[in-house]
Trainee: 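Below is a structure I'd like to ask you about.
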Amino acid sequence: MLPIRPDRFLADLHALRSFGAAGVGKGVVRPAYSEPDIAAREWLAGRMRDAGLSVHVDPVGSVFGLAEGRSLLMGSHTDSQPEGGWLDGALGVIAALEVARASVEAGGPPVSVVSFQDEEGRFGVTTGSAVWSGNLSLDKADGLSDRDGLSFAEARARMPGRSEGFVEPGRFSGFLEMHIEQGPVLDREREAIGVVDAIVGIRDMKITLVGEQNHAGTTPMQGRRDAFQALSRFNALIAERFANVVTPSTVWTIGHVTLHPNASSIVPGRVKFSMQWRDGDADRLGRMERIILETAEEVASSGGFDLDFGPMLGLEPVQMDMRLRGALEGAAESEVPGRWRVMPSGALHDATNLSKLMPVAMLFVPSINGISHAFGEDTDEADLVTGLRVLAGAVEALG
């Protein structure tokens, strides 16, 4: 096996966590283009150079460590949720760095490393890899903004050392992404490794309902155009209407609500909310979209509300490449015989975008109690090292 050094891998992983360390436990606050994110990417670029890789920072701030010639690309992202954990994304980047470094030292197969920018969706959905893969044009991405009104164009201008050009995808033979599971299955079943068979598709959009702002004490209940009540009705109706369409693995979430003017003595006149839904079947995602649009129109029409739909963002379900997946399965069986499983990914990852360009596959390690996107996110370090060994074994098998 490639001469990986678990001590060096863990030291780098803890060093990366220091950029934006916050909250209890091993929490991290490192949103895309924040000062901690930019500092972390500059540190990562230095570690890539130390590993013998050539650094390229693309126009949106994704950081590549490139091996010479045609190579296998590995990595993930290093930005975090507003309150995130130390492993989400970061694990895949640092594991890739260690495997690439070990391969350079041993004269093994060429491995390149990437940390994509804004995977966590401060501005869009896996924005950096979406732009690189051609799923999202740079012009369209530049028009996106975060919840505070900062545009993507303004944010990416903060990144130092950006190149004017993108890395050519044709130089890579495939993409491997190691990640924490972000769910409870492996931890609950006491299994060490998950080899992903497919990543679910996702749809994400903003919906705005505008009624009438008025005095909360003097406006009769009958005839109110209360924006929050409209949202409440919408939420109840879609749950009923999804019942005969969805499966137990389908999920949907109203995750961000802005109520205006958000005061206790005023009937709210406007509500803007996010609507996100995920499933492994593209047709089902489409049926859910029609239900959402029709239900919002019905609520607006019956209650006298103006309605606006924001741009639809999302990605299609993706099957993993059988050759890359087979290498991961073989390495898992060699490293932890009988203690691994094939499983879907309910979370979205950069591998979804890259599947448009090249073969992709993913590897999971357990998340303690299934916690992620929270300060309490963690994985036993022995499980992290097991994942690293499986990743290295797969790279060696792929040659």
Side-chain angles (χ1 to χ4, degrees), residues 23 29 31-32 34 79-84 118-127 143-152 155 182 202-217 219 221 223-243 246 250-279 285 288-315 346-348 371-375:
V29 176
S34 64
D79 60 303
S80 81
Q81 287 285 330
E83 291 188 3
D118 194 31
E119 192 275 351
E120 294 292 9
R122 177 179 176 182
F123 295 90
V125 178
T126 59
T127 319
L144 300 173
S145 60
D146 70 2
R147 64 180 61 183
D148 297 318
L150 179 72
S151 74
F152 185 74
Q182 300 182 282
I202 184 172
R203 300 287 185 275
D204 194 295
M205 70 185 305
K206 300 291 193 301
I207 301 174
T208 303
L209 289 161
V210 181
E212 183 177 58
Q213 178 180 326
N214 215 329
H215 195 295
T219 307
M221 297 304 294
R224 284 190 181 195
R225 290 191 289 145
D226 182 327
F228 182 80
Q229 294 303 318
L231 170 58
S232 179
R233 182 165 182 248
F234 170 83
N235 182 54
L237 285 174
I238 61 165
E240 293 175 7
R241 293 171 182 182
F242 281 169
V246 301
T250 309
V251 295
W252 66 93
T253 306
I254 295 175
H256 181 243
V257 176
T258 302
L259 199 64
H260 181 84
N262 201 28
S264 58
S265 292
I266 302 176
V267 176
R270 182 175 71 247
V271 64
K272 182 176 183 179
F273 59 96
S274 65
M275 184 71 208
Q276 185 185 100
W277 60 107
R278 307 185 189 211
D279 193 89
L285 289 170
M288 293 174 73
E289 177 183 342
R290 289 191 292 274
I291 290 171
I292 289 165
L293 297 178
E294 291 168 0
T295 302
E297 289 167 354
E298 177 184 323
V299 168
S301 176
S302 64
F305 295 87
D306 293 329
L307 173 65
D308 179 69
F309 295 107
M312 174 76 71
L313 301 172
L315 297 165
L348 191 63
I371 295 173
S372 186
H373 285 187
F375 288 156

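Remember, predicted model here, so these are calculated numbers, not experimental data.
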Trainee: Test your reading of the model: is there a side-chain donor-acceptor pair from Arg203 to the backbone of Leu285, 3.5 Å cut-off?
Mentor: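 No, the answer is negative, given that no donor and acceptor are paired below the 3.5 Å cut-off.
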
Trainee: Checking Arg278 side chain against Thr253 main chain: does a donor-acceptor pair fall under 3.5 Å?
Mentor: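 No; judged by distance alone, with no hydrogens or angles, the pair does not exist.
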
Trainee: If every non-hydrogen atom of Phe234 is compared with every non-hydrogen atom of Ile292, which pair is closest and at what distance?
Mentor: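 Minimum heavy-atom contact is CE1-O, 3.7 Å.
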
Trainee: Can you see which heavy atom on Val299 is nearest to which on Phe305, and at what distance?
Mentor: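 So the two residues come closest at O-CD1, 3.9 Å.
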
Trainee: Quick one: side-chain hydrogen bond (donor to acceptor under 3.5 Å, both in side chains) partners of Ser34, sequence neighbours excluded?
Mentor: none

Trainee: Specify the closest pair of heavy atoms between Pro31 and Asp79, including all atoms of both residues, with the distance to one decimal.
Mentor: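 Taking every non-hydrogen atom into account, C-CB, 4.3 Å.
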
Trainee: Quick check: do Glu289 and Met205 have side-chain heavy atoms less than 4.5 Å from each other?
Mentor: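 They are not in side-chain contact.
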
Trainee: Once you round to the nearest 0.5 Å, how far does CD1 of Ile254 lie from CH2 of Trp277?
Mentor: 11.0 Å

Trainee: Quick one: does Arg122's side chain have a donor or acceptor within less than 3.5 Å of a partner on Ala32's backbone?
Mentor: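 Looks like yes, one N/O pair under 3.5 Å.
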
Trainee: Counting distance only, does the side-chain N/O of Asp118 pair as donor-acceptor with the main-chain N or O of Phe123 below 3.5 Å?
Mentor: yes

Trainee: Can you see which heavy atom on Arg224 is nearest to which on His215, and at what distance?
Mentor: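 Smallest heavy-atom distance, with atoms named: NH2-O, 4.5 Å.
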
Trainee: Is a donor on one side and an acceptor on the other found under 3.5 Å between the side chain of Asp146 and the backbone of Asp148?
Mentor: yes

Trainee: Can you check whether Val246's main-chain N or O pairs, donor with acceptor, with Asp279's side chain at less than 3.5 Å?
Mentor: no

Trainee: Any side-chain hydrogen bond (donor to acceptor under 3.5 Å, both in side chains) involving residues 296-308? Give me the pairs, sequence neighbours left out, ordered by first then second residue.
Mentor: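 Those involving residues 296-308 are Arg233-Ser302, Arg241-Glu298.
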
Trainee: Output, in order, the C-alpha distance, side-chain angles, deciding distance and verdict of side chain to side chain contact (heavy atoms under 4.5 Å, CB included) for Met288 and Thr250.
Mentor: CA-CA 10 Å; Met288 293 174 73; Thr250 309; 3.6 Å; yes

Trainee: Show the nearest heavy-atom pair for residues Ala230 and Leu209, with the distance to one decimal.
Mentor: CB-CD1, 3.9 Å

Trainee: Hey, is the main chain of Phe228 close enough, under 3.5 Å, to the side chain of Ser232 for a donor-acceptor pair?
Mentor: no

Trainee: Without placing hydrogens or testing angles, list every side-chain donor-acceptor pair under 3.5 Å for residues 257-274, not counting sequence neighbours.
Mentor:
{"from": "Ser274", "atom 1": "OG", "to": "Gly255", "atom 2": "N", "distance (Å)": "3.2"}
{"from": "Ser274", "atom 1": "OG", "to": "His256", "atom 2": "N", "distance (Å)": "2.9"}

Trainee: Mind listing the closest non-hydrogen atom pair of Ile207 and Met275 along with its distance?
Mentor: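 Shortest heavy-atom separation between Ile207 and Met275 comes out as CD1-CB, 4.2 Å.
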
Trainee: If you round to the nearest 0.5 Å, how far is OG1 of Thr295 from CG of Leu237?
Mentor: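 Atom-to-atom, Leu237:CG and Thr295:OG1 are 6.0 Å apart.
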
Trainee: More than 12 heavy atoms of other residues, nucleotides or ligands under 6.0 Å from CD of Gln213: yes or no?
Mentor: yes

